[in-house]
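Contents: one structure, followed by commentary.
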Amino acid sequence: MSGHSIDVWTWRATLRAQVLLAPGVQDVPLTEARGRVLAGPVTSPEDVPTVPLSAMDGFAVRRADLDAPGSTRLPVAADLPARPGATPELPAGVAMRIMTGAPVPAGADAVVEVEATDADPFGAAPGSVTITLEQLPPPQRHIRARGEEAERGDLLAGAGRLVGAGLIGVARSLGLATLPVLTPVRVGVVVTGDELAATGGPAPGMVRESNGLMLVSALEADGARARTWHTGDDPASLRALLREIEPDCDLVITTGGIGQGAFDVVRAALGRQGAGTSELVHLALRPGGPQGRGRLPGGTPVIHLPGTPVGALVGYHLFVRQLLPGVDAEPIRVELGEDPGVFRGRRGRRALLVQPGIWRLAEDGRLLVDVLPGRRLTPYARAEALVLREPAGDADGAAGDAAGAASRAGATAGDLGAAVLALPL
């Protein structure tokens with residue numbers, strides 16, 4: 001391990017540069033596409049609408065037949081509901097009753113809303129209608145032009161976007177049966193430690209294992225396909241497990257075993273005294289300072305997170321989420337709500353403090369984040385964000401980290417105030 005702590009933002013950038021996940025592509029039915037990441041752009045196969053449509057319940061007319069200001073009496077030549085079928089051309093000197101969504105007849109250059117007529121909105125089509133206007137409607141009034149919403153070839157959604165209900169609705173309306181999406185990233189989570197109990201009440205010296213299910217749940221919520229394994233503190237067993245699962249993984253995450261102790265299995269198996277394929281470091285971060293990265297024998301990237309549940313959760317949100325396709329894992333600049341007190345680094349050591357937070361809107365509409373009380377993993381049961389706090393300046397002149405963090409999120413040192421960075425969970 002190096003003699004100094006590495007900056008959190010530097011480590012994030014290092015992982016982004018060196019861990020490039022390249023999932024495959026598949027076409028999936030619309031019923032299976034929600035929440036998936038688009039593998040390519042989706043364009044409109046046709047004009048929307050394909051023909052001019054009425055945007056109002058009223059009467060299709062030729063503007064030249066109208067008197068304004070004043071009233072015009074016109075015979076009603078047809079009734080046009082929004083249903084399939086041919087639409088007749090509108091002759092001069094007549095009107096046609098038309099419903100919202102119905103094709104506009106050729107020759108009509110405006111639709112007059114029913115409120116501007118003497119017609120019963122709910123009755124049968126009248127034989128004639130009186131239209132009263134203060135001024136002539138503009139050309140194409142209440143008419144949705146062909147291609148107004150989208151023209152053939154228009155981009156509907158770009159590659160990398162998450163498929164939501166809106167895109168599914170648009171795709172269905174255009175007759176698209178499938179969407180091109182990325183295959184889920186396959187992630188293996190390897191939890192290490194002889195002291196971990198999988199189920200039941202732990203014996204003395206044992207603790208219930210929670211990292212595996214916690215990380216798998218987070219990964220699956222972010223669109224990955226994840227599975228967890230547990231191994232003890234034997235380096236050979238860890239290496240054997242990694243060889244076994246690597247062919248089925250695009251990324252492997254380990255938790256635990258990266259400290260400085262005699263039984264730190266990941267360090268012994270993959271660090272300098274082992275295979276030497278992983279770099280293990282200490283970040284200026286509380287909690288979650290120990291971190292690591294490397295490659296397995298087949299080239300699969302591996303990220304090493306701490307074994308403490310909070311450290312593993314913080315490491316996931318800070319370092320792993322940013323690598324998953326379609327996931328926005330950038331921190332946002334917010335203001336602290338209830339003052340949690342000044343945070344100062346330990347003497348001679350400055351670290352980014354991560355705390356659980358919950359969102360709140362101030363009376364003036366500002367978005368605030370309150371730091372939740374509690375220790376270790378418990379407050380994360382209701383947390384909605386990770387609050388990222390740089391230590392305040394101390395007597396030896398070390399200052400500016402908070403301003404530097406704010407500038408990385410688009411703020412300046414001058415307007416930092418009570419602002420902090422937060423990662424939504």
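Because the structure is a prediction, the values reported are computed rather than measured.
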Which atom pair, heavy atoms only, marks the closest approach of [X] to [Y]?
{"X": "Val327", "Y": "Asp222", "result": "CG2-O, 3.7 Å"}
{"X": "Pro184", "Y": "Arg36", "result": "CD-NH2, 3.5 Å"}
{"X": "Thr255", "Y": "Ala312", "result": "CG2-CB, 4.4 Å"}
{"X": "Pro247", "Y": "Arg186", "result": "O-NH1, 3.7 Å"}
{"X": "Gly326", "Y": "Leu162", "result": "O-CG, 3.7 Å"}
{"X": "Val170", "Y": "Ser173", "result": "O-OG, 2.7 Å"}

[atom1] ([X]) with more than 12 external heavy atoms under 6.0 Å:
{"X": "Glu134", "atom1": "CD", "result": "no"}
{"X": "Arg225", "atom1": "CZ", "result": "no"}
{"X": "Arg62", "atom1": "CZ", "result": "yes"}
{"X": "Arg376", "atom1": "CZ", "result": "no"}

Apply side-chain contact (heavy atoms from CB on, under 4.5 Å) to Val207 and Leu196, showing your working.
CA-CA 5 Å; Val207 295; Leu196 301 178; 3.4 Å; yes
Between [X] (side chain) and [Y] (backbone), is there a donor-acceptor pair under 3.5 Å?
{"X": "Ser217", "Y": "Leu213", "result": "yes"}
{"X": "Thr228", "Y": "Val189", "result": "yes"}
{"X": "Asp7", "Y": "Thr10", "result": "yes"}
{"X": "Thr183", "Y": "Gly24", "result": "yes"}
{"X": "Gln291", "Y": "Gly288", "result": "yes"}
{"X": "Arg267", "Y": "Gly271", "result": "no"}
{"X": "Glu384", "Y": "Trp359", "result": "yes"}

Measure the spacing between [atom1] of [X] and [atom2] of [Y] and express it to the nearest 0.5 Å.
{"X": "Trp9", "Y": "Leu352", "atom1": "CH2", "atom2": "CG", "answer": "6.0 Å"}
{"X": "Gln355", "Y": "Tyr380", "atom1": "CD", "atom2": "OH", "answer": "7.5 Å"}
{"X": "Glu244", "Y": "Arg239", "atom1": "CD", "atom2": "CZ", "answer": "15.5 Å"}
{"X": "Asp47", "Y": "Asp154", "atom1": "CG", "atom2": "CG", "answer": "8.5 Å"}
{"X": "Phe319", "Y": "Arg12", "atom1": "CZ", "atom2": "CZ", "answer": "7.5 Å"}
{"X": "Leu423", "Y": "Leu388", "atom1": "CG", "atom2": "CG", "answer": "5.0 Å"}

Show your reasoning for whether side-chain contact (heavy atoms from CB on, under 4.5 Å) applies to Thr254 and Trp229.
CA-CA 9 Å; Thr254 71; Trp229 290 266; over 6 Å; no
Mind checking whether [X] and [Y] have side chains closer than 4.5 Å, heavy atoms only?
{"X": "Leu368", "Y": "Val334", "answer": "no"}
{"X": "Phe59", "Y": "Thr117", "answer": "yes"}
{"X": "Ile245", "Y": "Val190", "answer": "yes"}
{"X": "Val48", "Y": "Thr50", "answer": "no"}
{"X": "Ile253", "Y": "Leu305", "answer": "yes"}
{"X": "Glu195", "Y": "Asp233", "answer": "yes"}
{"X": "Arg16", "Y": "Thr14", "answer": "no"}
{"X": "Pro301", "Y": "Val252", "answer": "no"}

Arg321 and Glu330: CA distance, side-chain angles, deciding distance, salt bridge (Lys or Arg N to Asp or Glu O under 4.0 Å) verdict:
CA-CA 9 Å; Arg321 287 193 81 228; Glu330 289 305 304; over 6 Å; no
Looking at residues at least two apart in the chain, or sitting in another chain, which of them share a side chain to side chain contact (heavy atoms under 4.5 Å, CB included) with Pro45?
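Only Leu174, Leu176 meet the side chain to side chain contact (heavy atoms under 4.5 Å, CB included) criterion with Pro45.
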Between Ile303 and Leu323, is the side-chain contact (heavy atoms from CB on, under 4.5 Å) condition met? List the steps.
CA-CA 11 Å; Ile303 295 177; Leu323 307 175; 3.4 Å; yes
Holding to side-chain hydrogen bond (donor to acceptor under 3.5 Å, both in side chains), I want the full list of residues that pass it with Thr100, two or more places apart in sequence or in another chain.
Asp57
Please list, chain by chain and in numerical order, all residues satisfying side-chain hydrogen bond (donor to acceptor under 3.5 Å, both in side chains) with Thr300, sequence neighbours excluded.
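Thr300: side-chain hydrogen bond (donor to acceptor under 3.5 Å, both in side chains) contacts with Glu246.
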Answer yes when Arg293 and Glu279 have at least one side-chain N-carboxylate O distance shorter than 4.0 Å, and no when they do not.
yes
Step by step, work out the side-chain contact (heavy atoms from CB on, under 4.5 Å) result for Leu133 and Val112.
CA-CA 9 Å; Leu133 300 169; Val112 176; 4.3 Å; yes
Under 3.5 Å, is there a donor-acceptor pair linking the side chains of His142 and Ser54?
no
Is it the case that the side chains of Asn211 and Tyr316 hold a donor-acceptor pair, with the cut-off being a distance below 3.5 Å and no angle test?
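Per modelled atom types, Tyr316 and Asn211 side chains form no pair under 3.5 Å.
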